[in-house]
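See below for the structure under consideration.
Only heavy atoms go into these numbers, but all of them, side chains included; no hydrogens, no water, no symmetry mates. Note on naming: letters A, B, ... go to the chains in the order of the sequence lines (proteins, then strands), and numbering restarts at 1 for each one. Note that this is a predicted model, so its numbers are computed, not measured.
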Amino acid sequence: MAYNFQEIDKKWQNYWAQNETFKAHNDSDKPKYYVLDMFPYPSGAGLHVGHPLGYIASDIYTRYKRNKGFNVLHPMGYDAFGLPAEQYAIQTGQHPAVTTEANVIRYKEQLDRIGFSFDWSRQVKTCDPSYYKWTQWAFTQMFEHYYDTAKDKALPIEEMKSAFAGGGSAAVQAWGSKELNFSAQEWQAFDKKKKEEILQNYRIAYLDEVPVNWCPALGTVLANDEVKDGLSERGGHPVEQKVMKQWCLRVSAYSQRLLDRLESLDWSESMKEVQRNWIGRSEGAQVEFAVKDKDFGFEIFTTRPDTMYGVTFMVLAPESEYVEKVVTASQKAAVDQYLEECKKKSQRDRMMETKSMTGVFTGAYCVHPFSGKEIPIWIGDYVLGGYGTGAIMAVPAHDSRDHAFAKTFDLPIIPVIEGEGAQNVAEASYDAKEGKLINSDILNGLEVKEAITRMLEEVEAKNLGTRKVNYRLRDAIFSRQRYWGEPFPVYYVDDEPHMLSVDKLPLELPEVDKYLPTEDGDPPLGRAKKWQTEEGHPFELSTMPGFAGSSAYFLRYMDPNNNDELVSKEANAYWKNVDLYVGGPEHGTGHLIYSRFWNKFLYDLGVICEDEPFKKMVNQGMIQGRSNFVYRLKSDQKTFVSATLAADKKKYDTQEIHVDVNIVQNDILDIEAFKKWRPEFADASFILEKEGDSEVYKCGWAIEKMSKSKYNVVNPDTIANKYGADTLRLYEMFLGPLEQSKPWNTNGIEGVYRFLIKFWNLFHEGEELSLSDEKATPEELKVLHTCLKKVQEDMDNFSFNTTVAAFMIAANDLAKLKCNKREVLSDLVVALSPFAPHTAEELWQKLGATESVSQAAWPVAEEKYLVESNFNYPVSFNGKMRFLLELPVDYSKEQIQEAVLGHENSQKWLEGKEIKKGIIVPKKIVNIVVG
RNA sequence: GCCGCAGUGGUGAAAUUGGUAGACACGCUAGACUUAGGAUCUAGUGCCUUUGGCGUGGGGGUUCAAGUCCCUCCUGCGGCACCA
């Protein structure tokens, strides 16, 4: 019987759908396992072969876990709000919901063609009101809570109010935007507006005037991670700095918890490192410097208190509130001019001139808290307003930025550390945290580390400041001036924000006539009719950003149809959190931070039982495209020169043009297909080159990102139709390690296709099914169990490429042995079923089974079939000597000694020594203790 | 600049974590069966000056033993980047 994958694929995909084979139940005696893929944004371009890489891996693991006896939750959904659908809507006038739905249908078809075992009954779409009800609800809860730093969790804002009323600001330790100080009496005397202003300083969701990345072309603000090199990540439009009133989430309050729990996660070290960098914890001191002849001072943050005596000037950020307070009359004009210049500079300009320093002298001086010396106060835009206190003490001898500033403005440089490479601080700063302190009074002679501790003690003893931890992680700006996103569940009374209660949710996205800002510059929701409460209070006009809907979707899958709660206590207690999360590493600083934050917040509320959403994560690499080019003569637009000839630039002056990779085979152009590809190429002529005996047109190639415009997109459906879904799945895994990025290349696909045919043929003799019930021979069992053992080991390490190799070896060996024993083949079919489920189901049925292979028990590898015997060579020597041996496990000590002594290699190492004992550890290696 | 990851045949890659380097596959070569082969099968395939020698980016080290550990340099990828 021929291997007819077309028929088999269709048959089993229908079977799975009709029988709901992969439906997960919330009540089961089996242990649970939750495998999650990062859900896709359903773009108009459809899936290419790169997208399913992670889905295939997670599906393999899911099926494996099912066979191992787990109740596996493996859902899929769509991150359906987003910019591309809205941009398309602006161009065409079509409602984004319509195009999104069409894309979702296409995605589902493509996913089904690959044979994934998703539980589709749990599908979620972030743009469904029944889904975003809970996104909105979580937001209202963030508004109603503050972060208590003493209890280290989010608490209701009502508790804060009563604490303020009882004991003023001192009664609560809370994470706020600013430090506020007021007494209980003052609090009680504040009017409603003032009170709300204070609460906004602590609410986890709060309104604030913040400098934002404004993208005029998109008409919206963007998060820092949506901006790359001053251009928007989507579309590449310029982005400028602007101060706007925006909703923000106090993500920074969770910095330490996000950092601490990272340790316990089974994520790749590089992904953890990305998050550590992003959170950017730094320990140091906050020290007050008094301003000369004034009754105030300002605080600076430093991680190098040891260099205190090396301070030769102070620098304030242009945004610092102290600029105005300290500037002298004579310098006022110069300072004002400088501040003007800074305002004009966009974020991008500031980055462009990284090396050159700008600044201006304020005319004022600080008094050094230890030496009492006068220190000039400067303003410089290399100091950031948003980090630390917006002011620094500059130590040009030991900080390269301060050094550059000192050189630019000719300020003194005093070395305070002696160390290797620290000889010439006039030329270059010595930044290393190594060496002995000099010129530093009380610190002289101490090592840097000691000096840091000593100075911290001094600072605290003299009441000049405190130890302080700063984080780089900023609060998330949560407003987008766009249409296609979750509406905020917020209305305003006298400009003061109020939250809709849960019974009023979801607040559904209204219809608008156009998806563009209003004439007054309001976001598109400003066009909606009656966008207000029943009482006539206006709703918020912004919508939420992309990461809102993706921050808690994994919880919704547990209980997708619950209309009363995000997730029921029971469902959450059963599924807990995601055991395995598979997705691209590019979400390290976005989605993966936000969803961890969001999850921790819900945990603080007691809504869920685990504070980390994703226990283990695997980051699949990107599959790049392999583009092909043709070379058109500039002088004659109809003539194309073959690649090797076109390389001769003197002879041919050509232009490189992307050509559809689907009409190119092994870099050789299908000329007839090319003529049909585009009307303008219909009468093209070609200058060919010799390849063997024939003349061909060779194309050039390059590895690039897979994209429509480069004509290098390969669709998974095309491959599935040509070779079958199982070949596609096996091949994507066989391509190399999962986590590595690699170009797509169909060259090796024949190899795995041949393997499947070979495997199929083990069950068949010609056209007939041929299976034997005889007992398997030891040789056959060895082949089987070697394979099972390897598969078992590799499965747990996500080393799927080597697993595929193990199956190939087994198939080759069994083919050579002409083995068609049921005993051997049935185990092999189960082991192969996660990789090639369609083929496995078909063969499983042929073996006489009546239920899906996904119900079968995972075959256990038994070591007893694997023992071998042949002698090797000594492997280690340190009192004990170890020999790599392959001996029968039941060998006695005497037999081992005999084997060891009998070998020529051992003579060399054992000369003059006596063997005291020998044991087999664990099965291959003999430990010999000699003396 | 700082941090992280990697560098192995013509190609994608393996290597039990210190133990026979190159599994498996592609490609290539030869042969078989064929009217035919872009089908299938069999054998071979790291390199060289081939009774031997050399080989995991370069150099050095530890070890009986190094792709694997240590030092150093080179190259590539990813992240952060005036974060004090």
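None of Phe301(A), Trp378(A), Tyr382(A), Phe313(A) except one satisfies the side chain to side chain contact (heavy atoms under 4.5 Å, CB included) rule with Ile392(A); the exception is Tyr382(A). Put simply, the residue from Val311(A), Asp306(A), Asp431(A), Thr302(A) that forms a side chain to side chain contact (heavy atoms under 4.5 Å, CB included) with Val395(A) is Val311(A).
Taking the nucleotide of RNA chain B with the nearest heavy atom to each of Asn277(A) and Asn470(A), the more 5' of the two is matched to Asn277(A). Each of Ile809(A) and Asp794(A) has a nearest nucleotide on RNA chain B; the 5'-most of these lies closest to Asp794(A).
Phosphate contact (OP1/OP2 of A81(B), side-chain N/O of Arg472(A), threshold under 4.0 Å): present. Listed pair Tyr382(A) / A84(B) fails the phosphate criterion, with no side-chain N or O lying under 4.0 Å from OP1 or OP2. Side-chain N/O atoms of Gln740(A) include one lying less than 4.0 angstrom from OP1 or OP2 on A13(B). OP1 or OP2 of A14(B) has at least one side-chain nitrogen or oxygen of Asn801(A) nearer than 4.0 Å. Residue Thr802(A) places no side-chain N or O under 4.0 Å from the OP1 or OP2 atom of A15(B).
U11(B): glycosidic angle beyond 90° from 0, hence anti. Applying the 90° criterion around 0 to the glycosidic angle, G58(B) comes out anti.
Taking atom CZ on Phe835(A) and atom P on C24(B), their separation rounds to 18 Å, with Å as the unit. Rounded to whole Å, atom P of C41(B) lies 12 Å from atom NZ of Lys816(A). The CG atom of Leu735(A) sits 7 Å away from the C1' atom of G12(B) (whole-angstrom rounding). The NZ-P distance, from Lys722(A) to G38(B), rounds to 15 Å in whole Å. In this structure, CE of Met271(A) is placed 15 Å from C1' of C3(B), rounded to the nearest angstrom. Summarising the geometry, the separation between CG on Asn812(A) and P on C24(B) is reported as 8 Å, rounded to the nearest angstrom. Atom-to-atom, CG of Leu473(A) to C1' of C80(B) comes out at 13 Å; the value is rounded to the nearest Å. Per the geometry, CZ belonging to Phe800(A) stands 17 Å off P belonging to A13(B), to the nearest Å.
Base contact: Ile392(A) has a heavy atom under 4.0 Å from a base atom. Among the heavy atoms of the strands, none lies under 4.0 Å from Asn745(A). Among the heavy atoms of the strands, none lies under 4.0 Å from Glu269(A). Using a 4.0 Å heavy-atom distance criterion, Pro743(A) is classed as making no nucleic acid contact. If you check every strand for non-hydrogen atoms under 4.0 Å, Arg474(A) touches a base.
Going from the C1' atom of G27(B) to that of G46(B) covers 15 Å, rounded to whole Å. A30(B) and U17(B) have their P atoms separated by 42 Å, with the value rounded to a whole Å. When the P atom is used for both C3(B) and G53(B), the distance is 44 Å, rounded to whole Å. The separation of C64(B) from U16(B), taken at their P atoms, amounts to 23 Å, rounded to a whole angstrom. Separating the P atom of A66(B) from that of C54(B) is a span of 13 Å, rounded to the nearest Å. Between U63(B) and U68(B), the two C1' atoms lie 13 Å apart (nearest whole Å). When the C1' atom is used for both C26(B) and G38(B), the distance is 15 Å, rounded to whole Å. Only the C1' atoms considered, U75(B) is 47 Å distant from A32(B), to the nearest whole Å.
A centroid separation of less than 6.0 Å is found between the aromatic rings of Phe835(A) and Phe807(A). Aromatic rings of Phe800(A) and Phe798(A) (six-membered ring for Trp) have centroids within the 6.0 Å cut-off, being under it. You'll find the ring centres of Tyr471(A) and Trp278(A) outside the 6.0 Å limit. Two rings, from Phe5(A) and Tyr723(A), have their centers 6.0 Å or more apart.
Residue Ala805(A) places its side chain closer to C24(B) than to any other of C82(B), A84(B), C24(B). Considering only side-chain atoms of Val274(A), the nucleotide from G79(B), C80(B), A25(B) that sits closest is G79(B). Distances from the side chain of Arg754(A) to the nucleotides A84(B), A15(B), U40(B) place U40(B) closest. Among the nucleotides A13(B), C41(B), C24(B), the one closest to any side-chain atom of Phe734(A) is C24(B). With distances taken from any side-chain atom of Thr589(A) to the nucleotides A84(B), C80(B), C3(B), the minimum falls on C80(B).
Closest approach of Glu263(A) to Lys272(A), counting heavy atoms only: O-NZ, 3.4 Å.
Looking at residues two or more places apart in sequence or on another chain, you find a side-chain hydrogen bond (donor to acceptor under 3.5 Å, both in side chains) between Ser252(A) and Trp175(A), Asp475(A). By the side-chain hydrogen bond (donor to acceptor under 3.5 Å, both in side chains) test, Thr718(A) pairs with no residue at all, sequence neighbours left out.
For RNA chain B, each stem of at least three Watson-Crick or G-U pairs (distances under 3.5 Å) is given as range with range: B:1-7 with B:74-80, B:10-12 with B:24-26, B:27-32 with B:40-45, B:46-48 with B:52-54, B:57-61 with B:69-73.
Remark: side-chain polar atoms of Asp402(A) are not paired, donor with acceptor, to backbone N or O of His398(A) under 3.5 angstrom.
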